[in-house]
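Taking it in order: structure first as structure tokens, then the write-up.
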Amino acid sequence: MAGRFVRASKYRHVFGKSTRKEFCYDNLHISRNAWDTNLIKANPEYLAVNWESSGGGAFAVIPLNERGKLPDQIPLFRGHTAAVLDTDWNPFNDRIIASASDDAKVFIWQVPQGFSLYSDAEEVPHVSPVAKLTGHSRKVGHVLFNPAAENILASASGDLAIKLWDISTGQAHITLKHPDIVQSLSWSANGSMLVTTSRDKKLRVWDVRQQTPVHEHPGHEGAKNSRAVWMGEHNRIATTGFTRTSERQIGLWEPGRKDPIGGLTSLDSISGVCMPFWDDGSNCLYLAGKGDGNIRYFEYENDKFEFLSEYKSGDPQRGIAFLPRRGVNVHENEVMRAFKTVSDSYIEPISFTVPRRAETFQSDIFPPAVGSKPGVSAKEWFDGKTALPPKIDLESIYDGNAPVELPADFKPSTPAIGSAPAPAPAPAPAARRAPEPAPIAPRSPPVVADQKASMSAAANRFQDEDESDDDDAETSSFEEVTRPAPRAAAPIRSKPTSPVVTAPAAQPKPSSPLKSPQPIAPAVSRAAPPAVSTPPSTSVEESLAQIKTLLEQQVKIIGVQSEKINAQSEIIKQLTTEVETLKKKVGPISQDQSERIRQLELDLESARS
């Protein structure tokens, strides 16, 4: 029974839409380095790609509006002496990007104003870093900006440490020591906590300014890499990893709790690492597998992940990036956009869309999103202040205006479109129930109304039919006289109605043939004239007599119908027996016999119907 009900969700029909290759970013040389990273990062203006280059590490920055086949020679961001392993965009400045390299350095870059891949210059100019952060002794595998504080950058290195930098000064004020190499890291929404997974198979949650883990418990047991992502403003963490038998898993954690909520859930047996991405606006978790072309997405509700759907593709991806919510196309009801690498030669955008035909802004699927202004400065953050960044109203972007800034704790006051129909049924039943007693009072005689406690449901039904015929004869003066007569006698003659209580047992089929209403009209017309001079008790007895007569007629009709049904049942049995006999006696049958059997089967089906 429970399987018949479908869980209500605004995002239940979200589907991923691929892009034709002529509108992809083609002719790329994506890095083939084996380090476990996402390879690409995106913001509403640019796409960063780890580049396969010689003579030192480099990465490319591609403006999102420059699609198609790119030039053979494009300006690269060069400066590292070894391969670039990871990059990350500043969430509050779309032109600032940080890079991590195998040369143990972290560089800060600024995209030039009016940057483009197409240039008329004979020699393509390359971009140099604006700041170099040195302090790690081994390769730096991950960099991640703080989502709430300005200019705060976390870098994870092979020297088993995470450093927190103020990129405006180039100083690392905090260092978080780990017992093993860090495999992934993710900030909480207010930037005060950091979750990490490492090669020792433990999940750690750090209060970074205290430089101590507040949560340190075993995570996924598999030997392959695990990932963790903080679920936005929820106090929850989603992880992906492997079992000891190399099955991919997903887990939901609460900081401070030893075991995952609901246990670890197995996904499949594919060997590629699952890359998790969280969308705080829709409360959806996207899982993209390395080495396969599928992207699963789940909705977080009631402390569990509800599977929504899966984008399937035959083109496997090694790297993937998701666009911040402030960059989606609200006119197309796009709730998320991904960029996946294909064959290490081009990047394909994938648009996740809610299928709706409305031509107005859909506020229920586009709540306010994090804007481009920080919640606190770097100095305030290091001094211990914590705040969420302000949000922007996506409806202002839909209207083509400048983004309207909203407080960080802003909640939409208007009911969501998707949930608007929910309160609507509340007044509807009231409106239907209220008129029900109203028509009963004028149409049914007071006798029946006063005898509800003792009269059966069948008697009431027949009485209503009687009265409906009386309404057709309202023009008669005798009908007007008969109505007040039963009013006075109603409380007196309550006992004679007790035998009628057994009436429902004799009325299994309330629907009667067209003949049943015919005796009602003459019975009423004959009873109406004497009602002028008959005492009230006599009129009640006549009504009861009519009811008994009608019940007897119904019993007779039911008996006739039962006989017909029994006769049809016998015919069906005979036909069935004949068909089975023919099938047993006849071996290879001729066409005539086949037609005869088919005709008998058709007769059998018509008899059953």
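For the pair Trp89/Asp94, no side-chain contact is recorded, criterion being any heavy-atom separation below 4.5 Å from C-beta on. Using a 4.5 Å cut-off on side-chain heavy atoms (C-beta onward), Val330 and Gln362 make no contact. With contacts defined as side-chain heavy-atom distances shorter than 4.5 Å, the pair Tyr311/Ser18 qualifies. Put simply, the side chain of Thr386 does not reach to within 4.5 Å of the side chain of Val376, judged on heavy atoms. Within the 4.5 Å cutoff, the side chain of Leu264 has no heavy atoms near those of the Ile250 side chain. No side-chain heavy atom of Leu308 sits less than 4.5 Å from a side-chain heavy atom of Phe352. Residues Leu144 and Trp187 meet the side-chain proximity criterion, which asks for heavy atoms closer than 4.5 Å.
Between the side chains of Asn50 and Arg32, not a single donor N or O lies within less than 3.5 Å of an accepting N or O. A donor-acceptor pair shorter than 3.5 Å can be found between the side chains of His80 and Ser99.
Ring planes of His234 and Trp278: perpendicular class, angle over 60° (limits at 30 and 60°). Between Phe307 and Phe298, the ring planes are perpendicular. Angles over 60° get that label, and only those under 30° would be called parallel.
Using a distance-only test at 3.5 Å, with no hydrogens or angles considered, no donor-acceptor pair links the side chain of Ser101 to the main chain of Ala104.
Residues passing the side chain to side chain donor-acceptor pair (under 3.5 Å) test with Glu334 are Arg337, Ser351, sequence neighbours excluded. Residues satisfying the side-chain contact (heavy atoms from CB on, under 4.5 Å) criterion with Ser271, sequence neighbours excluded, are Lys224.
For Phe322 and Phe277, the ring centers sit closer than 6.0 Å to each other. No close placement of the Phe242 and His220 rings is indicated, their centers lying 6.0 Å or farther apart.
Across all non-hydrogen atoms, the minimal contact from Arg326 to Ile392 is CB-CD1, 3.9 Å. Pairing each heavy atom of Lys139 with each of Leu85, the nearest pair is CD-CD1, 4.1 Å. Taking all atoms of both residues into account, the shortest heavy-atom contact from Ala48 to Phe59 is CB-CD1, 4.5 Å.
Applying side chain to side chain donor-acceptor pair (under 3.5 Å) to Ser198 and the options Arg204, His178, Gln183 leaves one that passes, Arg204.
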